[in-house]
J.: 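Let me begin by handing over the structure; questions about it come next.
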Amino acid sequence: MEYTVIFSARAIETYDLLFEQILARWGAKKAADFEARVYSLIDIIQQTPLIYQALTQDESLRRCVVHASCSFLYELKGRNIEIHFFWDNRQEPLL
């Protein structure tokens with residue numbers, strides 16, 4: 001059973017910031033690799049939403065590690081998966 005993925009406004013903003021940072025630091029190839037990795041992980045989450053680490057006891061909030069330096073937080077809401085935000089793992093988490 002496939003879930004619908006929804007990006008919050010904050011997820012779009014933080015994704016764009018990380019993408020631009022990667023593009024500026026490492027170029028178009030690495031930015032494209034990052035984008036492909038994110039969407040590959042989203043495809044996995046749509047099929048198996050409980051695959052990544054739960055951050056709360058009710059297990060609705062989960063963290064997906066995109067790369068050693070980047071993760072995103074998502075939440076299961078019925079048949080939807082809402083991606084809340086992306087962050088650089090080298091910084092303090094936003095939670």
J.: Name each donor-acceptor pair under 3.5 Å that joins a side chain in residues 69-79 to protein atoms two or more places apart or in another chain, with its distance.
T.:
| from | atom 1 | to | atom 2 | distance (Å) |
| --- | --- | --- | --- | --- |
| S69 | OG | H67 | ND1 | 3.3 |
| S71 | OG | R63 | NE | 3.3 |
| S71 | OG | R63 | NH2 | 3.3 |
| S71 | OG | N89 | OD1 | 2.9 |
| S71 | OG | N89 | ND2 | 3.1 |
| Y74 | OH | P49 | O | 2.7 |
| E75 | OE1 | H84 | NE2 | 2.7 |
| K77 | NZ | E82 | OE1 | 2.7 |
| R79 | NH1 | Y3 | OH | 3.3 |
| R79 | NH2 | E2 | O | 3.4 |

J.: Treat each ILVMFWY residue as a node, draw an edge where side-chain heavy atoms are under 4.5 Å apart, and state whether L17 and F86 are in one component.
T.: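 Not linked; separate clusters.
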J.: Salt bridge (charged side-chain N to carboxylate O under 4.0 Å, His left out) for D33 and K29? Distances and angles first, verdict last.
T.: CA-CA 6 Å; D33 290 347; K29 169 82 169 91; 3.0 Å; yes
J.: V38 and E35: side-chain contact (heavy atoms from CB on, under 4.5 Å), yes or no, with the steps?
T.: CA-CA 5 Å; V38 166; E35 185 172 52; 5.8 Å; no
J.: In Å, rounded to the nearest 0.5 Å, how long is the span from CD of E13 to CZ of F7?
T.: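 Reported to 0.5 Å precision, the distance equals 14.0 Å.
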J.: Would you please test T4 and I81 for side-chain contact (heavy atoms from CB on, under 4.5 Å) and show each step?
T.: CA-CA 6 Å; T4 302; I81 296 169; over 6 Å; no
J.: Please verify the inter-ring angle class for F19 with F34; under 30° counts as parallel, over 60° as perpendicular, anything in between as tilted.
T.: tilted
J.: Kindly determine whether I44 and I51 satisfy side-chain contact (heavy atoms from CB on, under 4.5 Å), including the steps that lead there.
T.: CA-CA 8 Å; I44 291 168; I51 194 166; 4.1 Å; yes
J.: When you compare the side chain of I83 with that of I42, does any pair of heavy atoms fall below 4.5 Å?
T.: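 When only atoms from C-beta onward are counted, I83 and I42 do touch, with a gap below 4.5 Å.
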J.: How close do C64 and L41 get, heavy atom to heavy atom, and via which atoms?
T.: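 Minimum heavy-atom contact is SG-CD1, 3.7 Å.
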J.: Are I6 and I12 joined in one hydrophobic group, where the rule is that I, L, V, M, F, W and Y side chains link up if heavy atoms are under 4.5 Å apart?
T.: no
J.: Does NZ or CZ of R10 come closer than 6.0 Å to the centre of the six-membered ring of F85, within 45° of the ring's axis?
T.: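 Yes, R10 and F85 form such a contact.
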J.: Between T14 (side chain only) and A11 (backbone N and O only), is there a donor and an acceptor less than 3.5 Å apart?
T.: yes
J.: For side-chain contact (heavy atoms from CB on, under 4.5 Å), just list the numbers for V65 and Q53, CA-CA rounded to whole Å, side-chain angles, deciding distance to a tenth of an Å, and then say yes or no.
T.: CA-CA 9 Å; V65 177; Q53 175 188 8; over 6 Å; no
J.: If hydrophobic clusters are built by linking Ile, Leu, Val, Met, Phe, Trp and Tyr wherever their side-chain heavy atoms come under 4.5 Å apart, do V66 and L50 end up in the same one?
T.: yes
